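In what follows, a single structure is set out as structure tokens and then discussed.
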Amino acid sequence: MFLVRKLTARNPTGNVRFFCAPPSSTPSPNYNTTNNTTTTNNKLFVGGLSWGVDEKSLTEAFSSFGNVTEVRIIYDKDSGRSRGFGFVHFSTNNDARSAKDAMDGKAFLGRPLRISFALEKVRGGPVVVPRLSNVTDVSRRNN
DNA sequence: GATGAGCGG
């Protein structure tokens, strides 16, 4: 006598089904999931500048696409010349995005512009220091 | 006197 035991454990559809993690969208409001670039800020990083570009020329170049609140070109602290990149602040991120979409890759004073949304780096910004003394405070709060 | 991807005066 043979006890043939069917060990084929499969669902009614006949296909072995693997349960993976559901594709959850990354809930990060500060980052765009399509390109992993920040779109919430209205600060633009403008790179690829020519060596002789100053702030007023950039202001006149970007004021046509929105309200430019601040333009800052990073100069070298020693030689005083331009380091080839700067930052353009707009009043709203819609203007910043339209200006980036209009001026990115465009040539300006002989060099093509490399525009992208600026990082959250602010001089003297909110540097989060991990205070480990809070851990002891939490443990001591339990009395 | 120069340089050419990047993220700040």
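Here the structure is a predicted model, which is why all the values come from computation and not from measurement. Computation of the quantities below employed the complete heavy-atom set of this structure, encompassing side-chain atoms and omitting hydrogens, waters and symmetry-equivalent molecules. In what follows, chains are A, B, ... by sequence order, proteins preceding strands, each numbered from 1.
When the ring-ring contact (aromatic ring centres under 6.0 Å, His included) test is applied to A/F108, no partner is found at least two apart in sequence or on another chain. With sequence neighbours left out, A/D104 forms a side-chain contact (heavy atoms from CB on, under 4.5 Å) with A/K100, A/I115.
An aromatic stacking contact links A/W51 with the base of B/dT3, defined here by ring centres under 5.5 Å apart and ring planes under 30° from parallel.
Nearest-nucleotide mapping onto DNA chain B: of A/L49 and A/Y75, the residue sitting toward the 5' end is A/L49.
The interatomic distance linking A/E55 (CD) with B/dG8 (P) rounds to 16 Å, in whole Å. Rounded to whole angstrom, the span from the CG atom of A/L109 across to the C1' atom of B/dG4 amounts to 15 Å. In this structure, CG of A/D78 is placed 15 Å from C1' of B/dT3, rounded to the nearest angstrom. A/D76 places its CG atom 15 Å from the P atom of B/dT3, with the value rounded to the nearest Å. Between the CD1 atom of A/I115 and the P atom of B/dC7 there is a distance of 16 Å, given to the nearest Å. The interatomic distance linking A/I73 (CD1) with B/dG4 (P) rounds to 20 Å, in whole Å. Put simply, CD1 on A/I74 is 5 Å from P on B/dG9, counting in whole angstrom units. One atom, CG of A/L113, and another, P of B/dA5, lie 14 Å apart when rounded to the nearest Å.
In the interface, the side chain of A/R72 is not paired with the base of B/dG9 through any donor and acceptor atom under 3.5 Å apart.
In the model, A/S98 has no side-chain atom that pairs as donor or acceptor with a side-chain atom of A/D101 under 3.5 Å.
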Do A/N67 and A/F90 pass the side-chain contact (heavy atoms from CB on, under 4.5 Å) test, and can you show the C-alpha distance, the side-chain angles, and the key distance before you say yes or no?
CA-CA 6 Å; A/N67 294 50; A/F90 283 91; 5.8 Å; no
Tell me, with the steps shown, if A/F62 and A/L113 meet side-chain contact (heavy atoms from CB on, under 4.5 Å).
CA-CA 12 Å; A/F62 279 89; A/L113 262 52; 4.1 Å; yes
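Within residues 79-91 of chain A, the residues that place at least one heavy atom under 4.0 Å from DNA chain B are, in residue-number order, A/R81, A/R83, A/G84, A/F85, A/F87, A/H89.
You'll find the side chain of A/W51 stays beyond 4.5 Å of the side chain of A/R111, heavy atoms only. In this structure the side chain of A/F87 reaches within 4.5 angstrom of the side chain of A/F45, judged on heavy atoms.
Among B/dC7, B/dG9, B/dG6, the nucleotide with an atom closest to any side-chain atom of A/R114 is B/dG6.
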